[in-house]
Amino acid sequence: MDFTNIAFYIFAALTVGSAGVMVFHRNVVYSAVGLLFAFFGVAGIYVLLAADFIAIVQILIYVGGILILLLFGVMLSQKLTKVDVRTESMQLVPAVVVVGGVLAVLLLTISSTPWKLAGSLEYEPTTKAIGRLMMTEYLIPFEIASVLLLAALIGAAYIARKN
Amino acid sequence: MDYSSIIKDNLISLNYFLPELLLTGLIIVLVIADLFLKDERSPWLSFVALAGCVVVLLSVIAQFDLGSRSLFQHMLVVDPFSVFFKLLFLASAIAVIFLSIASVELAGRPVGEYFTLLIALTLGLFLMASSTNLVTILLSIEFVSIVSFVLATYLKTRRRSSEAGLKYAIYGAFSSGLMLYGLSLLYGLTGTLNLYEIGDVLASRDSNGMALTLSTILILAGFGYKIASVPFHFWSPDVYEGAPTPITAFLSIGPKAAGFAVLIRFFNVALAGEPANGASQWSALPELDWPMILAVVSAITMTLGNLVAIVQTNIKRLLAYSSIAHAGYALMGVVVLSQDGIYATMFYLAVYYLMNLGAFLVVIVFQDLLGSEKIADFKGLAWRAPVPAIAMAVFLVSLTGLPPTAGFIGKFYLFAAVIKAGPAFYWLAVVGLLNSVVALYYYARILKTMFFDKAAEENSISVSPYYVTLLALLAAPTIILGVYWAPLQKLATNSVEFLRAL
């Protein structure tokens with residue numbers, strides 16, 4: 001097993017483990033911290049996939065932006081930190097059956113399918129290529145996203161402000 | 001790699017992108033105009049929005065002469081199929097602006113954001129109908145969803161409206177998550193995001209049926225959420241009830257039609273064989289029986305929608321379930337993989353626009369007059385306010401699918417397309433027929449309440465001439481198209497062509 005493989009399994013365990021903490025913990029703050037490590041794990045996997053830019057963006061936006069915002073929200077609203085956030089209806093057996101079934105189908109599919117593989121990875125900076133693609137082949141998705149963000153901003157400002 | 005040729009292609013594509021550019025311009029004009037208005041509730045912005053929509057309408061009509069063309073490195077397409085849907089979206093947007101101007105519910109709310117978001121929603125719908133790449137499909141669906149969340153919450157001080165927005169957002173996030181997973185599986189199978197290339201790759205080699213089926217079902221979650229089909233319909237009654245009624249009317253037409261547009265394009269381009277030499281019927285990929293999946297979804301959707309509609313006491317909730325049922329009917333046309341089927345679905349959606357919008361307009365009128373959405377409060381309304389009651393009768397008869405209304409012709413084409421496709425789907429036609437009978441029951445019950453039950457009060461209610469005009473404008477074509485539907489038939493026949501291969 002080479003270094004990349006070992007690193008992959010470490011990051012994967014980190015992601016899945018912290019995602020588990022996030023889902024199962026009673027306290028919202030702990031869940032948020034679980035989410036933090038899950039984001040880091042995913043960022044690590046991006047690095048292994050030679051997607052350096054996405055990895056940095058993942059940390060900058062998800063950890064630096066969204067998660068901090070979420071934590072602030074939780075901490076500023078005092079009631080939330082003490083509330084048991086788990087739902088009242090616990091249907092353990094049906095949930096295990098359904099989730100187990102879905103997992104089995106997914107595992108079977110993933111292992112039995114001849115996926116189209118990307119080939120060998122080259123570790124080199126990707127920002128230049130991404131920038132070029134955004135201005136050429138992916139121009140329209142880039143522009144759609146910008147109008148989408150404008151509309152979302154207007155909407156968010158409307159909902160947040162007092163009348 | 002030669003970037004200059006790509007840039008050149010993008011620049012040429014801009015010429016075929018005029019309606020979308022105009023809509024984007026209109027959004028910006030509205031935002032800026034809002035800044036200069038002293039009074040946030042001034043009606044001027046609605047006139048700006050209307051004028052803008054008319055200009056866009058002209059540019060869309062001009063696109064009919066363009067034929068089919070792939071734009072921006074095969075991200076989007078302009079073809080008669082997308083132009084037809086763009087017309088439908090614009091017609092919905094214009095009608096909803098008219099409904100919003102007079103709406104009592106929206107009175108006193110700031111109009112700047114409202115019309116900006118309404119136009120943004122229209123832009124999102126335009127993009128949905130013309131997307132030919134997994135990235136643009138996902139982005140445009142998200143675009144429509146996110147703007148819809150805000151519009152559903154527009155009466156934010158009202159509890160119901162906030163609840164509607166929140167539920168919409170949660171179900172929306174869930175279904176886009178599923179769809180995104182499905183799209184990633186499809187990308188993993190084919191290694192491309194372009195629908196045409198996906199179609200080629202899947203047709204040229206034996207792919208694994210299991211992964212393909214799984215990814216299709218997951219992708220269907222996203223489309224099903226937009227057209228409100230079972231099992232992704234849960235949001236619709238609450239959202240329809242809580243959102244401002246003009247927005248409810250828009251949500252029941254625009255995103256639903258756009259969902260059908262993207263669904264038809266996705267399945268027929270990526271997952272179906274090409275029709276041999278202009279044959280009017282074609283077949284799905286051998287390893288994936290998606291017509292059967294869609295047929296089952298269609299049958300369950302219409303049955304559940306109709307059965308649950310029976311017990312509803314709130315007219316907006318009833319129309320929500322009826323709208324679910326109609327998604328089931330319209331899906332029948334997609335199941336049969338034929339020119340006739342797609343034509344029937346398009347025709348039905350256009351007719352559905354008229355009759356459903358009309359029904360919601362009557363709901364708005366009654367809401368303003370009575371302050372109630374309860375069907376029980378409609379007792380004897382036919383004698384107190386005859387004009388909206390008679391218009392409602394026309395729309396409900398059309399929704400049921402009885403002659404001499406446009407709804408009958410729409411349903412007739414759908415059933416004809418299913419029967420013509422052969423005995424494999426006869427059962428679906430039977431289910432559809434039985435459902436129409438169930439639908440008759442609850443639509444007729446509203447009519448009975450309005451026409452035969454005794455009113456609590458006797459005084460007549462006057463309806464403003466503005467509403468009378470709008471009602472007439474929607475009711476007249478609903479009847480006329482039931483007798484003389486050639487114009488719509490011609491439009492739909494000309495629009496059934498979409499770009500199948502590069």
Heavy-atom proximity to chain B below 4.5 Å, by part of A/I140: side chain
Closest heavy-atom pair and its distance - A/A151, B/F143: CB-CE2, 4.4 Å
Side chain, backbone, both or neither of A/L149 within contact of chain B (heavy atoms, under 4.5 Å): neither
N/O donor-acceptor pair under 3.5 Å between B/K156 side chain and A/Y158 backbone: yes
Contacts of type ring pair (Phe, Tyr, Trp, His ring centres under 6.0 Å), residue B/Y168, not counting sequence neighbours: B/F149, B/Y225, B/W235
Proximity breakdown for B/V201 and chain A, heavy-atom pairs closer than 4.5 Å: neither
Within 6.0 Å of CZ in A/F72, more than 12 heavy atoms from elsewhere: no
Heavy-atom closest contact (B/A211 atom, A/T109 atom, distance): CA-CG2, 3.3 Å
Point-to-point distance, once rounded to the nearest 0.5 Å, from CG of A/L108 to CG of B/L214: 10.5 Å
Distance-minimising heavy-atom pair for B/I146 and A/A152: CG2-CB, 4.0 Å
Exceeds 12 heavy-atom contacts within 6.0 angstrom, atom CZ of B/R158: yes
Euclidean distance, A/I154 CD1 relative to B/Y114 OH, rounded to 0.5 Å: 15.5 Å
Top contributor to chain A contacts, counting heavy-atom pairs under 4.5 Å, from B/L151, B/L185, B/I28, B/I7: B/L185
Minimum heavy-atom distance between B/T190 and A/K116, given as atom pair plus value: O-CD, 3.0 Å
Segment of B/L123 engaging chain A (4.5 angstrom heavy-atom cut-off): side chain
Contacting moiety of B/I27, where chain A heavy atoms sit under 4.5 Å: side chain
Portion of B/L76 that has a non-hydrogen atom of chain A nearer than 4.5 angstrom: side chain
Contacts of residues 8-22 of chain B with chain A (heavy atom under 4.5 Å): B/N10, B/F17
Spacing of OG1 belonging to B/T116 relative to CG belonging to A/L150, to within rounding of 0.5 Å: 8.5 Å
Gap separating the CG atom of B/L127 from the CD atom of A/E143, nearest 0.5 angstrom: 11.5 Å
Closest contact, heavy atoms only, B/E113 versus A/R161: OE2-NH1, 3.0 Å
Side chain, backbone, both or neither of A/L139 within contact of chain B (heavy atoms, under 4.5 Å): side chain
Side chain to side chain donor-acceptor pair (under 3.5 Å) involving A/T136 - partner list, sequence neighbours excluded: none
Results of side chain to side chain donor-acceptor pair (under 3.5 Å) for B/D200 - residues two or more places apart only: none
Interchain contact, B/L193 with chain A, by part (heavy-atom threshold 4.5 Å): side chain
Separation between CG of B/L189 and OG1 of A/T113, rounded to the nearest 0.5 Å: 6.0 Å
Straight-line distance of B/I6 CD1 to A/Y138 OH, nearest 0.5 Å: 10.5 Å
Within 6.0 Å of CD in A/E124, more than 12 heavy atoms from elsewhere: yes
Segment of A/L117 engaging chain B (4.5 angstrom heavy-atom cut-off): neither
